[in-house]
Amino acid sequence: MLEIQELRKNPEKVIDGLKKRHFDAKPIIDEILSTDELWRQKKTELESISAQMNQISKEIGILFKQGNTEEANKAKSKTVELKEKESELKSDVDTLEAKITQLMYQLPNVPNDMVRAGKSEEDNEIVEEGGPKREFSFSPLPHWDLASKYDLIDFELGVKITGAGFPIYKGKGAKLQRALIAYFLDKAEQAGYQEHIPPHMVNEASGYGTGQLPDKEGQMYHVTEDNLYLIPTAEVPLTNIYRDVILPSEDFSIKITGYTPCFRREAGSYGKDVRGLNRLHQFDKVEIVRIEHPNNTAKALDEMVDHVRGLLNDLGLEYRILRLCGGDTGFASAMTYDFEVFSAAQEKWLEVSSVSRFDTFQSNRLKLRFKNADKKTQLCHTLNGSALALPRIVAALLENYQTEDGILIPVALQKYTGFDRID
RNA sequence: GGUGAGAUGGGUGAGUGGCUGAAACCAGCAGUUUGCUAAACUGCCGUACGGGUAACCGUACCGGGGGUUCGAAUCCCCCUCUCACCGCCA
């Protein structure tokens, strides 16, 4: 959620910024500001009435104590009218507040200056390309064929046990999965991120904290009996660790990581690009999360990009880095870099990581703050990124490292897998 | 699942209708004293919103929501959560 103080101070800047998303914020912001004006007026009025009530109540207390019942009762009668006015104003104020909140929830984050205006993924900027291109002297198989050829992943069995989008990894396929998780976690730890194993279900408050609720409710699996949600990403439990926290000084930089399975309903995305590992209801991911002083956010984002690039280079995959345009940048994000690897047999770019800075958009909802040098509380900045999401990495590894009679394992991974080829 | 207890400021913990935004202690911050360390002493020490250039003033908040009352941390109702014991169980 944006900060209303910013809207009051500089609405034009927000409106201009959101134009890069092709989002017409003017009508919403106009309504917010006029509602806010009215709210403040009513609020001031209410407070002055409350102050009068408090004063009279205090006097009544003293009168009773003195045994002056007559005067006390006289004072009581004075409160009747005030009380009525008070409850009326209270309900006005509540209504206006709810309206403002509801409008504020509709505004996406303002894109960073570096973000280009644009409507869809076609306007994204490719800021970097790297990694080795794979050429084949034979006709390469897509990963789903490789998975069954070498008995690594059983999609049909997953359908039997659970449903589509819940594959079962077997043998070396399972081992590869475990190796990647361990490898990603080790690299994150080396980069200074403290490992966490969070719960895989979260409560409603956490869902609101990171912004999955109320908008993206349909994306999460909901355990209605206990009102818990299966996490769509480790971002949710990891970031919510710092919900309602005030860090004691401005000297901080929090870096945490965690592996979790991620659960996504992917409602409405059936049919396209869902073959094999491309889109699943359950998948594994290692996430990195940072909580930073606003002055350090740009640097932190660069470090995260460097980190993810390092992983892809280590794995020897062809990749490209995109800076998303306004329209393609997620609702809560101020700037996002997507990482895509080239899946050589599908001949398709697959998104394997998304690294974003949210500035105060999340921390405003989370009430995540720090004490600045003036001893005032100030919102922290949050960032997060995948490092990395497994299934598409596995898809690319299988496809890009296939030979006619087996699949090679990148050197960086071999000490984790314990084998150097699958055949 | 059953029974019981509880939820107060960073922590411990007092407080059962008014002078309590909240005692006391601990932690923390600033200072005084002191050869250093330690100790002692003094002051400060919640958050949000509104008003004000500011000092400051006002309002709200004692798990959440509603009610009684001139007045609620304190009484009543509902909900959530936590702890303990029992049952079941990895």
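Convention: sequence-line order gives letters A, B, ...; per-chain numbering from 1. Just so we're clear, the structure is a prediction, and the values are computed from it rather than from any experiment.
- Taken to the nearest 0.5 Å, the CD atom of A:Q402 stands 9.5 Å off from the CG atom of A:D145.
- Remark: B:A7 base-pairs with B:U80; criterion is Watson-Crick or G-U wobble with both hydrogen-bond distances under 3.5 Å.
- RNA chain B is contacted by A:W39, A:R40, A:K43, A:T44, A:E47, A:S50, A:A51, A:N54 of residues 29-56 of chain A, taking any non-hydrogen atom closer than 4.0 Å.
- Using Watson-Crick or G-U wobble geometry with both donor-acceptor distances under 3.5 Å, B:U53 finds no partner in any strand shown.
- Taking every heavy atom of both residues into account, A:F252 and A:C380 meet most closely at CZ-SG, 3.8 Å.
- The CD atom of A:E97 sits 13 Å away from the C1' atom of B:C61 (whole-angstrom rounding).
- B:U37: no Watson-Crick or G-U partner with both key distances under 3.5 Å is found in any strand.
- Both cation-pi conditions hold for A:K172 and A:F419: the charged atom is under 6.0 angstrom from the six-membered ring centre and inside a 45 degree cone around its axis.
- Rounded to an integer number of Å, the gap from CG of A:N203 to P of B:G63 is 19 Å.
- Taking atom CG of residue A:D94 and atom P of nucleotide B:G65, one finds them 11 Å apart after rounding to whole Å.
- Of the P atoms belonging to B:G50 and B:C77, the separation is 37 Å, rounded to the nearest Å.
- Looking at which nucleotide of RNA chain B each of A:T79 and A:D226 is closest to, the 5′-most match is held by A:T79.
- As rounded to whole Å, 14 Å separates atom C1' of B:G46 from atom CG of A:D244.
- The distance between atom NZ of A:K90 and atom C1' of B:G66, rounded to the nearest whole Å, is 11 Å.
- Taking atom P on both nucleotides, B:G58 is separated from B:C19 by 15 Å, rounded to a whole Å.
- Nucleotide B:U42 is matched to B:A30 when pairs are restricted to Watson-Crick or G-U wobble geometry with both distances under 3.5 angstrom.
- Going from the P atom of B:U47 to that of B:G10 covers 8 Å, rounded to whole Å.
- The partner of B:A22 cannot be assigned: no Watson-Crick or G-U wobble pair with both contacts below 3.5 Å exists in any strand.
- Look at CZ on A:F64: it is 11 Å from C1' on B:G18, rounded to the nearest Å.
- Using a 4.5 Å cut-off on side-chain heavy atoms (C-beta onward), A:Y221 and A:R265 make contact.
- B:A72 atom P lies 12 Å from atom CD1 of A:I60, rounded to whole Å.
- Within the shown strands, nothing qualifies as a pairing partner of B:A72 under the Watson-Crick or G-U definition with both distances less than 3.5 Å.
- At whole-Å resolution of the value, CG in A:L63 and C1' in B:G71 are 13 Å apart.
- Remark on RNA chain B: of its neighbouring residues A:K58 and A:I246, the 5'-side contact belongs to A:K58, judged by nearest-heavy-atom nucleotide.
- At B:U47, none of the side-chain N or O atoms of A:R369 fall inside 4.0 Å of OP1 or OP2 (strictly under the cut-off).
- Checking each of A:E45, A:Q55, A:E86 against A:S50 for a side-chain hydrogen bond (donor to acceptor under 3.5 Å, both in side chains) leaves exactly one that passes, namely A:E86.
- Annotation: B:A22 and B:U74 have their C1' atoms spaced 12 Å apart (nearest Å).
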### Task
Show your reasoning for whether ring-ring contact (aromatic ring centres under 6.0 Å, His included) applies to A:H293 and A:F370.
CA-CA 8 Å; A:H293 188 284; A:F370 66 95; 4.9 Å; yes

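- Between the side chain of A:N109 and the main chain of A:A332, a donor-acceptor pair closer than 3.5 Å is present.
- Taking atom P in both B:C88 and B:C81, one finds a spacing of 25 Å when rounded to whole Å.
- The P atoms of B:U8 and B:U12 are separated by 8 Å, rounded to the nearest whole Å.
- Residues A:F358 and A:H381 place their aromatic rings such that the two centres sit no closer than 6.0 Å.
- Nucleotides B:G67 and B:A72 have their P atoms positioned 12 Å apart, rounded to a whole Å.
- When the P atom is compared between B:U20 and B:A73, the two are found 13 Å apart, to the nearest whole Å.
- In this structure, A:Y183 and A:Y416 have perpendicular ring planes: the angle between them is above 60°, well past the 30° mark.
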